[in-house]
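What follows is a set of notes on a single structure, which appears directly below.
This chain uses plain numbering: 1 for the first residue, then up along the sequence. When a ligand or atom number is given, it counts from 1 through the structure's own listing order.
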Amino acid sequence: MPGGSDFSLANLPYGVFRRSRQPPKVGVAIGEQVLDLAEVARAGLFDDVVDGGETLFRADRLNPFMARGRRTWDAVRTRLTELLDATDHRLRDIDGLAERALVPATQVELQLPFEVADYVDFYASIEHATNLGRMFRPGGEPLLPNWRHLPVGYHGRAGTVVVSGTPIVRPNGQRKLGDTEAPTFCPSRMLDFEAEVGFVVGSGSRLGSTVATDDVAEHVFGLVLVNDWSARDIQAWEYQPLGPFLGKSFATSVSPWVVALAALEPFRVPSPVQDPPVLEYLRTTGDWGLALDLEVRLTSAAMGRRGSRPVVLSRPPFAGLYWTIPQMLAHATINGASLRTGDLFASGTVSGTAPDTLGSLIELADRGRVPLALPDGSTRTFLEDGDTVEISAACAAPGFPRVGFGAVSGTVLPTHRA
Ligand code: CA
């Protein structure tokens, strides 16, 4: 990945942070620091751009700010750019404000940035859907007949979305190994990660209305990284006919910084050609692919003890995703389902075509057939207790500062006894 900070002036992602013994507040990441927006509001610097700024930012979640809508998001972003611009650092014009409002990132604890309203997970990568189709339904057509006509998804569990750094306890569940064997109950032995990108709804919509692909920027506040932890053995036994359930719902991790949609403008690229052509309500104008490259890294417990660097497992390219964000949002509302502030929509596993661009371990190790070798001498087909999975991502385009997402990470802990 190219160098430079994830959090330049071109980025300005939002999060919720705490300093020791202080209540949580809304902040913006800038370089190696966090800007305390409540302090900025208290100094009156948001008075002309947002009503009640201090209350809005002295909050333990982004939801109240996100609910204000596009005009407020844009006005605050413009003001933040003015305040932090290195050549005209207006924050320094007020005595002591820069010192009060800029906190070293090492001194804060980052929380779940927004209260998750509803959570939907799509299946938007044709490479991932094809690979999984081959494994779960060997001998059949890998893609089901609906796949190229609509973005397939399912409703997940909002209450188990956790912030990066939260430990992931290995789930127990039912599995069934062969056609003739009886189901058994045990800790999952096929625990996996899924490298995904999520988008977060700021402005909701009315029940019975629909959101057109052209209106996506009015509703989507920003993007986060998602790790959709998956227990493949539980999933394989339970998923037909109603879709994923307990094999997914035990935990979903998100990155602590929400990158504003506005920060991603320079990185929009054409998305893949869709064949057959989609129905009218899924048609889009403009480029909705995103030049965003993910990186998945793993550190085993033994590597951690030795201080070894994480091993890079994969670099999935988000730009190749078959279904785009406006299509996913338009599809999710075409039946009149309303959007709520805090709704999280994840892309589904991002996989490319090359072997080192696959976004899950089941694909990377070909469902256990090709174990991955780790620097500590062990191998992996699925995750072991003590493994830490970290996913980072950054947008790059010639002539623009890179816009990074930070990372989402989680360590697998041994199962609780049922
Ligand atoms: Ca998923």
Side-chain angles (χ1 to χ4, degrees), residues 116 118-137 142-144 146-147 150-162 164 166 168 170-171 173 188 190-200 223-240 242-255 292 294-296 313-314 316-318 320-325 327-329 331-332 343-352 357-365 367 382-383 389-391 393 405 408-410 412:
V116 182
D118 287 290
Y119 167 45
V120 167
D121 194 16
F122 283 99
Y123 199 44
S125 157
I126 198 166
E127 291 82 6
H128 174 73
T130 304
N131 292 337
L132 270 275
R134 281 201 191 104
M135 292 179 199
F136 278 72
R137 294 180 302 277
L143 287 183
L144 292 175
N146 59 4
W147 199 90
L150 54 87
V152 168
Y154 70 96
H155 281 88
R157 191 163 186 83
T160 52
V161 176
V162 297
S164 175
T166 307
I168 305 301
R170 179 180 299 273
S188 170
M190 298 172 79
L191 185 59
D192 201 354
F193 60 81
E194 292 193 331
E196 308 195 10
V197 175
F199 56 95
V200 184
L223 273 62
V224 290
L225 298 176
V226 177
N227 184 345
D228 176 30
W229 303 93
S230 300
R232 301 299 183 192
D233 38 4
I234 299 172
Q235 182 187 359
W237 170 224
E238 74 176 1
Y239 88 106
Q240 288 176 320
L242 289 187
F245 188 38
L246 302 179
K248 299 279 192 176
S249 64
F250 55 95
T252 306
S253 301
V254 295
S255 54
L292 173 64
L294 281 62
E295 184 172 278
V296 184
L313 295 185
S314 175
F318 188 76
L321 221 64
Y322 191 89
W323 293 104
T324 62
I325 289 171
Q327 291 179 320
M328 291 187 249
L329 200 66
H331 186 66
D343 281 354
L344 172 64
F345 291 90
S347 62
T349 307
V350 181
S351 286
T357 61
L358 302 170
S360 67
L361 207 42
I362 194 171
E363 291 168 274
L364 287 163
R367 207 182 195 188
F382 291 98
L383 295 171
V389 178
E390 185 176 58
I391 305 164
F405 278 63
V408 56
S409 112
V412 177

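W323 and Y123 have their aromatic ring centers separated by at least 6.0 angstrom.
Y154 is linked by a ring-ring contact (aromatic ring centres under 6.0 Å, His included) to nothing, counting only residues two or more places apart in sequence or in another chain. Residues satisfying the ring-ring contact (aromatic ring centres under 6.0 Å, His included) test with F250, not counting sequence neighbours, are none. Applying the salt bridge (charged side-chain N to carboxylate O under 4.0 Å, His left out) rule to D192 yields the partners R232; only residues at least two apart in sequence or on another chain are considered.
Protein N/O/S atoms closer than 3.0 Å to the Ca ion (ligand 1), listed by chain and residue number, are D121 OD2, E194 OE1, E196 OE2, D228 OD2.
Counting non-hydrogen atoms of neighbouring residues, nucleotides and ligands closer than 6.0 angstrom, the CZ atom of F245 reaches no more than 12 such neighbours.
Using a 4.5 Å heavy-atom threshold, the side chains of F136 and Q235 count as touching.
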